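Everything quoted here is computed from the prediction, not taken from an experiment. Per chain, numbering begins at 1; letters A, B, ... match sequence-line order. Atom set for the values below is all heavy atoms of this structure, side chains included, hydrogens, waters and symmetry mates excluded.
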Protein chains: 2
Amino acid sequence: MAKEKLSKDTWLAAGFQSLADSGPTSVQINLLSQKLGATKGSFYWHFKDISEYKSAMLELWRTKVASDVIDNINAQQTLEQQLDALFADATRPAPEEYGGKKIEPAMRAWALSDQDVGKALADLDTLRLLFLKSLLDGWGLDGKVLSELIYGAYIGLDDLQSKGRTNSSGALTALKQMILAATETK
Amino acid sequence: MAKEKLSKDTWLAAGFQSLADSGPTSVQINLLSQKLGATKGSFYWHFKDISEYKSAMLELWRTKVASDVIDNINAQQTLEQQLDALFADATRPAPEEYGGKKIEPAMRAWALSDQDVGKALADLDTLRLLFLKSLLDGWGLDGKVLSELIYGAYIGLDDLQSKGRTNSSGALTALKQMILAATETK
DNA sequence: ACGGGACCATACCCAAGGGTATTGACATTT
DNA sequence: AAATGTCAATACCCTTGGGTATGGTCCCGT
């Protein structure tokens, strides 16, 4: 790590990295400090306290990291393209500025112990599920059921990949094929 | 909670309940004590320290709670029955003696911050994935890809259900139908 | 060159949670 | 009934991690 002045975003990126690597309990001020080669003095200049810091992480995740999925899908035309956009999101790690790792599984873990994260994740889940449902309904499919299946696979494969169990791309294309096949039998 | 003598298993069940409800950080001695209407004195009689307690939780989970899946599947004959057995496991909560809640999502969360849990979960994942793969291969399917898809859906829907987002049974039967359909086109 | 603000290091304090020691109530054994 | 063993309450200690106070360095504008 360079010796330059630290910024709010640098601190947050370190937090996301710790979060993805070792879970919510690992995002503590001392750890982050030594990870950045700094001390608490710097942290408390950029943030009032740790709850403000965590709120900033949550907000950053909601707005910048986790909210692109729907937009990406809306930009596509065919169902296949839309599914590709959705599944690409499950494979792609977070941008380097935000830790460079897959953080959604860790966020789901975090949601267990933090009410605010839990609420944000709940909102995100219902939003995505509803969006998926209406999308699939629009293609003449059983949106209620398929949205849950697709989103479930999205979450689970995301988790498997983040833990290094698989690369998950093959499984997602298989699911895509199955769904596309279902549209033709209509 | 009754006023009776507490047992090791009672303490462990309380731990699983806390774990499922509020994540790994919530399994602490003081909290469990007041949850059981007791004090630390009791805890430290049954367990040497908290790491022994957590090891006991992990071991109990591995042997009693999480290892039934493969056995249940092996007891079935047709592919459909086997898939049913697998998916039933994703829906069923833990037995009352072990907290009575779905704990695998919380275990996956715990694995982020605890090396031992991480290793146990990794072993379990690879075991299940390999088993699923060979199973599907035996039915003339693409085991490598489908095992990941099925297990991913298993994990994700398990998580969604534990967070109260869906009941997941519909999605799983849909996936089952898709897989069964794939066997017929062979 | 100097005054002020951005940025960070150092040295503390405090609450929380793990751990220990001691004692007490109750049952069982001899 | 005396002794032993099981189980739990109480009162402590210690470490960890959040938080504060204070002072230092660098830079930038005037």
(request) Measure from the side-chain N and O atoms of B/S26 to the backbone N and O of B/S18, and report whether any donor-acceptor pair falls under 3.5 Å. (result) yes
Can you name the atoms? Protein N/O to nucleotides 12-17 of chain D N/O, anything below 3.5 Å, with the distance.
{"from": "D/dG17", "atom 1": "O5'", "to": "A/Q28", "atom 2": "OE1", "distance (Å)": "3.3"}

(message) I need the NZ-C1' distance between B/K5 and D/dA9, as an integer number of Å.
(response) 14 Å
(request) Could you list the residues that satisfy side-chain hydrogen bond (donor to acceptor under 3.5 Å, both in side chains) with A/D137, not counting sequence neighbours? (result) A/K133
(request) In whole angstrom, give the distance that lies between atom OH of A/Y44 and atom P of D/dA21. (result) 12 Å
(request) Using the salt bridge (charged side-chain N to carboxylate O under 4.0 Å, His left out) rule, take B/K163 and A/D125 through it: C-alpha gap first, then chi angles, then the decisive distance, then the call. (result) CA-CA 10 Å; B/K163 292 187 166 60; A/D125 281 343; over 6 Å; no
(message) Please check this pair: side chain of A/T10 against backbone of A/L6, looking for a donor-acceptor N/O pair closer than 3.5 Å.
(response) no
(message) Let me spell it out: for each of B/F43 and A/T39, pick the nucleotide of DNA chain C with the closest heavy atom. Which residue's pick is nearer the 5' end?
(response) A/T39
(message) For a quick check under 3.5 Å, do A/W61 and A/E104 share a side-chain donor-acceptor pair by atom type?
(response) no
(request) Indicate yes or no: does A/K54 engage A/D114 in a salt bridge with an N to O separation below 4.0 Å. (result) no
(request) Report the distance from atom NE2 of A/H46 to atom P of D/dT20, rounded to the nearest whole Å. (result) 17 Å
(request) Under 4.0 Å from any heavy atom of chain B: name the first and the last nucleotide of DNA chain C that qualifies, 5' to 3'. (result) C/dG17 to C/dT20
(request) Could you verify whether a donor N or O on one side chain and an acceptor N or O on the other, from A/D9 and A/Y98, lie under 3.5 Å apart? (result) no
(request) For the pair A/H46 and A/W11, name the ring-plane relationship: parallel under 30°, tilted 30 to 60°, perpendicular over 60°. (result) tilted
(request) Could you state the atom-to-atom distance from CH2 of A/W11 to P of D/dG18 in whole Å? (result) 11 Å
(message) Please report the distance, rounded to the nearest Å, between CD in A/E52 and P in D/dG19.
(response) 11 Å
